[in-house]
2 protein chains.
Amino acid sequence: MATGRTHRPATRSRGIPEATVARLPLYLRALTALSERSVPTVSSEELAAAAGVNSAKLRKDFSYLGSYGTRGVGYDVEYLVYQISRELGLTQDWPVAIVGIGNLGAALANYGGFASRGFRVAALIDADPAMAGTPVAGIPVQHTDDLDRIISDNGVSIGVITTPPGAAQQVCDRLVAAGVTSILNFAPTVLSVPDGVDVRKVDLSIELQILAFHEQRKAGEEASADGGASDAEAEQAPPVRATPTTRKGPDGDMPAVMPA
Amino acid sequence: MATGRTHRPATRSRGIPEATVARLPLYLRALTALSERSVPTVSSEELAAAAGVNSAKLRKDFSYLGSYGTRGVGYDVEYLVYQISRELGLTQDWPVAIVGIGNLGAALANYGGFASRGFRVAALIDADPAMAGTPVAGIPVQHTDDLDRIISDNGVSIGVITTPPGAAQQVCDRLVAAGVTSILNFAPTVLSVPDGVDVRKVDLSIELQILAFHEQRKAGEEASADGGASDAEAEQAPPVRATPTTRKGPDGDMPAVMPA
DNA sequence: ATGTCTTTGTGAACGCGTGCACAAAGATGG
DNA sequence: CCATCTTTGTGCACGCGTTCACAAAGACAT
């Protein structure tokens, strides 16, 4: 996952497992598509296929919400859309503030998926005075100096951080101080927040690195198909282990350090 | 997590658990920062704090890679940076192609975090003929018609999809056909791919919905602090259950369906 | 050389998440 | 009203991931 909650021992809130909560939006999307096609009911098998999950898992997930299905028939699409929306809290309006209007921040401000489900971009905030007043996605950018007031005035409880990594923690602190209790962090930084504040992070670089790991593994397996008991990555230049303290003897060159 | 691998039964590759692989980039980032400050060694406790994880977890993670630490001292920073980089496959060059150069695609093309660790944006591809030739982030956009050739010529094995949802599956199929075996999907679509192809998805909307769930829960707990045995979300308008098949009688209004 | 002190590496226990497989429930047809 | 058939809801077992707690290993001082 490009994500993962930070800290917090996976508080199974109100009996609904965290893993299930993470899948509810997936179901909701599939159900919405069915709803638009005026499909009245759907079986767990069909819906699971549409959402890309196991049907048993889906049934168990729904069982945490209640018994919303009809045996022998399936689930009522409209009803389920409503129930999941309500469970996720999408029946109410969530004003969101985006801090850091660079390329990514601007892209998010323009992103239609935000507005689609109860989320409303209420404010854009940037530290660059030159940007103040400039409209992005039809919303004028405001200066960081007014962050506290902006959050309060708009009743923002969800903040999105798209600043450079160096500014992320400071922005986070100010958001929290202003009353924000949920943060979506795009900056490659580990944020520390007080209890009661949720942080989710989206890290593009990490996702790519995970893909690279598996990609390398695939390539290695192919290469070792000729028939060697040798490890796939054994042909890498063997780096000399840098002896930590007691530099005993002339062990020569240090390991070739990668570009940071 | 903004992510989660799609399908594939969590193949514990070469003995390294999937969960550990997902954390290695985190450690690498923290280590790189230490390296830049010329810190020679670091204890599991310190590094764990910097990466935002438990120190026992970190030690266990590293134990899957080998015994790279020195008891009583800690880990050699440079050496560990090299080992993790190698394990993740970052010692080689990964040409990446981005398909769909809208706001998000352009933001990714400009994103510095990509280039920083062995990833190189080798090609930008878009379906709009008007964009062909226009440079984005210094790289000219190429047309979808040439997708196959572009992938082959550049030896791209990792593709990034930032198209509208409707085009995602088709683009995915073409990427796979052209030889891509790892895909990072930003489109809100469930992609189906043949075996041997990895898909990771980043879904901004899902992340926000998960935050909203917890946010709602926090608000509900506060509200029920006055002293009610009633459920926090009981005050919602009780929707009339749409009777699935046997539409018995005029049960009137359907549940207020949410905006899709 | 020996003792002390720090920190790693890991055995073991525990809890969560997943998937199987089936009984219960309800629809449907005769 | 009864039989059959479909599909849900869930008890159960299993495996992965996390955490604790401690023994082993090495550094360092004397």
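All chains are named by letter (A, B, ...) in the order of the sequence lines, taking the proteins before the strands, and each is independently numbered beginning at 1.
With sequence neighbours left out, the side chain to side chain contact (heavy atoms under 4.5 Å, CB included) criterion links B:Asp173 to B:Gln169. In terms of the side chain to side chain contact (heavy atoms under 4.5 Å, CB included) criterion, residue partners of A:Val96 (sequence neighbours excluded) are, by chain and number, A:Phe119, A:Ile158, A:Val160. The side chain to side chain contact (heavy atoms under 4.5 Å, CB included) search around A:Ala56 returns A:Asn54, A:Arg59, not counting sequence neighbours. With sequence neighbours left out, the side-chain hydrogen bond (donor to acceptor under 3.5 Å, both in side chains) criterion links B:Gln170 to no other residue. Applying the side chain to side chain contact (heavy atoms under 4.5 Å, CB included) test to A:Ser63 and every residue at least two apart in sequence or in another chain returns A:Lys60.
At whole-Å resolution of the value, CD in A:Glu18 and P in D:dT18 are 14 Å apart. Look at CD on B:Glu46: it is 14 Å from P on C:dT6, rounded to the nearest Å. In this structure, CD1 of B:Ile16 is placed 15 Å from P of D:dC16, rounded to the nearest angstrom.
Among residue pairs with one or both ends in residues 61-71 of chain B, those qualifying as salt bridge (Lys or Arg N to Asp or Glu O under 4.0 Å) are B:Arg23-B:Asp61; sequence neighbours excluded. For the ring pair (Phe, Tyr, Trp, His ring centres under 6.0 Å) condition, the pairs that include at least one residue of residues 33-63 of chain B, sequence neighbours left out, are B:Tyr27-B:Phe62, B:Phe62-B:Tyr75.
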What nitrogen or oxygen pairs link the protein and nucleotides 7-13 of chain C at under 3.5 Å?
| residue | atom | partner | partner atom | Å |
| --- | --- | --- | --- | --- |
| C:dT7 | O4' | B:Gly72 | N | 3.0 |
| C:dT8 | OP1 | B:Ser44 | N | 2.5 |
| C:dT8 | OP2 | B:Ser44 | OG | 2.6 |
| C:dT8 | O2 | B:Arg71 | NH1 | 2.9 |
| C:dG9 | OP1 | B:Gly69 | N | 3.0 |
| C:dG9 | OP2 | B:Tyr75 | OH | 2.7 |
| C:dG9 | O4' | B:Arg71 | NH2 | 2.9 |
| C:dG9 | N7 | B:Arg59 | NE | 2.9 |
| C:dG9 | O6 | B:Arg59 | NH2 | 3.2 |
| C:dG11 | O6 | B:Lys60 | NZ | 3.3 |
| C:dA12 | N6 | B:Lys60 | NZ | 3.1 |

Would you list the protein and nucleotides 1-3 of chain C atom pairs, both N or O, that sit under 3.5 Å from each other?
none

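A donor-acceptor pair under 3.5 Å is absent between the side-chain atoms of B:Ser35 and the main chain of B:Leu31, judged by distance alone.
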